[in-house]
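Taking it in order: structure first as structure tokens, then the write-up.
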Amino acid sequence: MAILREQHGVLDHLVLADSPIVFDSKTGYNVITDQRVDEVLPELRAEVERHETHTPGHREALQRLVLAQREVRNTSDGYWVAGSNPDAAQHGLTGTTKLDEVRSAAVMSDGVSRLVTEYGKATWDEVFVTLRRGGPSALIENVRRIEATDPTGIRWPRYKSGDDASVAFCQW
């Protein structure tokens with residue numbers, strides 16, 4: 001979950017789990033994301049990533065990972081996600097940015113940000129150019145086009161293909 005709120009000349013943010021907010025500021029790009037989910041259960045994550053997406057081995061390894069994640073989700077030993085536990089919001093990464101320091105911002109799912117962070121097929125500058133020219137749908141289309149070149153997740157391991165992808169874009 002990633003939330004950006006504008007009020008009284010500032011942008012307040014809350015990030016929980018791996019959905020980032022990226023600010024395009026006068027000094028460059030500032031990415032705010034919560035990577036705690038990536039730090040837990042590394043051996044099970046690696047096992048999932050050894051298999052092609054949608055194979056029996058991938059499904060079995062993913063099931064083991066998901067079951068183990070349920071044990072540490074929304075606990076101090078794991079990571080926090082939005083859901084039925086209202087205490088999760090207390091564990092989000094929060095902060096404030098002055099509005100006059102920001103040209104634009106994108107709030108996105110990890111399925112979109114991996115174009116830069118995982119695939120290395122774009123820079124944040126290219127992402128923002130795409131958002132300005134074609135909007136969120138153009139950016140999501142770029143992600144899907146890149147993912148289509150690796151449908152089995154060998155080059156870029158994924159937990160599933162066709163991840164939900166979303167992005168909101170604001171300019172000031």
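These figures come from a predicted structure and were not determined experimentally. These values consider heavy atoms only, across backbone and side chains, with no hydrogens, waters or symmetry-generated copies.
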Could you tell me whether the side chain of Thr53 and the main chain of Thr152 form a donor-acceptor pair under 3.5 Å? yes

When you check the gap from the basic side-chain N to the acidic O, do Asp100 and Lys26 get nearer than 4.0 Å? no

In the structure I gave you, are the side-chain heavy atoms of Ser104 and Arg132 within less than 4.5 Å of one another anywhere? yes

Distance-minimising heavy-atom pair for Val15 and Thr33: CG1-CA, 3.8 Å

Under 4.0 Å between a Lys/Arg side-chain N and an Asp/Glu carboxylate O for Arg144 and Glu147? yes

For the atom pair OG1 (Thr96) and NZ (Lys98), what is the distance rounded to the nearest 0.5 Å? 11.0 Å

CG on Leu99 to CZ on Phe23, rounded to 0.5 Å: 10.0 Å

Closest contact, heavy atoms only, Pro136 versus Val167: CB-CG1, 3.1 Å

Any non-hydrogen side-chain atom of Tyr79 less than 4.5 Å from a side-chain atom of Arg73? yes

Treat each ILVMFWY residue as a node, draw an edge where side-chain heavy atoms are under 4.5 Å apart, and state whether Met1 and Val40 are in one component. no

Is the shortest side-chain heavy-atom distance between Arg155 and Thr149 below 4.5 Å? yes

Using modelled atom types and a 3.5 Å cut-off, is there a donor and acceptor pairing between side-chain atoms of Arg59 and backbone atoms of His54? yes

Indicate the atoms forming the closest heavy-atom contact of Leu16 with Ala82, along with that distance. CD2-N, 3.5 Å

Which heavy atom of Ile146 sits nearest a heavy atom of Lys121, and at what distance? CG2-CG, 3.9 Å

Taking a hydrophobic cluster as the set of Ile, Leu, Val, Met, Phe, Trp and Tyr residues connected by side-chain heavy atoms closer than 4.5 Å, whether directly or through intermediates, do Trp124 and Val129 fall within one such cluster? no

Angle between ring planes, Phe128 versus Phe169, binned at 30° and 60°: parallel, tilted or perpendicular? perpendicular

Sidechain-backbone polar pair: His91 side chain, Trp80 backbone, donor-acceptor under 3.5 Å: no

Heavy-atom closest pair (Pro42 atom, Glu39 atom, distance to 0.1 Å) is CD-O, 4.0 Å

So, does Ser25 use its side chain to make a donor-acceptor pair with the main chain of Val102 at under 3.5 Å? no

Going from OG on Ser113 to CD1 on Ile21, what distance comes out if it is rounded to the nearest 0.5 angstrom? 12.0 Å

By side chain to side chain donor-acceptor pair (under 3.5 Å) - contacts of Thr130 (at least two apart): none

Show me, pair by pair, the donor-acceptor contacts under 3.5 angstrom made by side chains of residues 3-11, not counting sequence neighbours?
from : atom 1 : to     : atom 2 : distance (Å)
Arg5 : NE     : Asp12  : OD2    : 3.3
Arg5 : NH2    : Asp12  : OD2    : 3.0
Glu6 : OE1    : Trp172 : NE1    : 3.0

Looking at Arg158 and Asp150, is there a salt bridge between them, counting it only when a charged N and a carboxylate O are closer than 4.0 Å? yes

Could you tell me the separation between the CG atom of Leu139 and the CG atom of Leu115, rounded to the nearest 0.5 Å? 6.0 Å

Counting C-beta onward and ignoring hydrogens, is there a side-chain heavy-atom pair between Val22 and Val127 closer than 4.5 Å? no

Within the 4.5 Å heavy-atom criterion, are Arg45 and Leu65 side-chain neighbours or not? yes

Would the number of heavy atoms belonging to other residues, nucleotides or ligands and lying under 6.0 Å from CD of Glu126 be above 12? yes

Output the distance between atom CG (Asp18) and atom CG (Asp110), rounded to the nearest 0.5 Å. 4.0 Å

Taking Asn74 for the side chain and Val81 for the main chain, is one N or O donor matched with an acceptor at less than 3.5 Å? yes

In the single-linkage hydrophobic clustering (I, L, V, M, F, W, Y; side-chain heavy atoms under 4.5 Å), do Val143 and Val31 co-cluster? yes

Would Val116 and Tyr29 count as a side-chain contact (heavy atoms from CB on, under 4.5 Å) if you check the C-alpha gap in whole Å, the side-chain angles of each, and the deciding distance to 0.1 Å? CA-CA 12 Å; Val116 175; Tyr29 295 95; over 6 Å; no

Check this for me, if you would: do Arg36 and Asp34 make a salt bridge, where the nitrogen-to-carboxylate-oxygen distance has to be below 4.0 angstrom? yes

Locate the shortest heavy-atom distance separating Ser137 from Gly134; write the atom from each residue and the value. OG-O, 3.8 Å

So, taking the atom named CD in Gln171 and the one named CZ in Arg103, what distance separates them when rounded to the nearest 0.5 Å? 10.5 Å

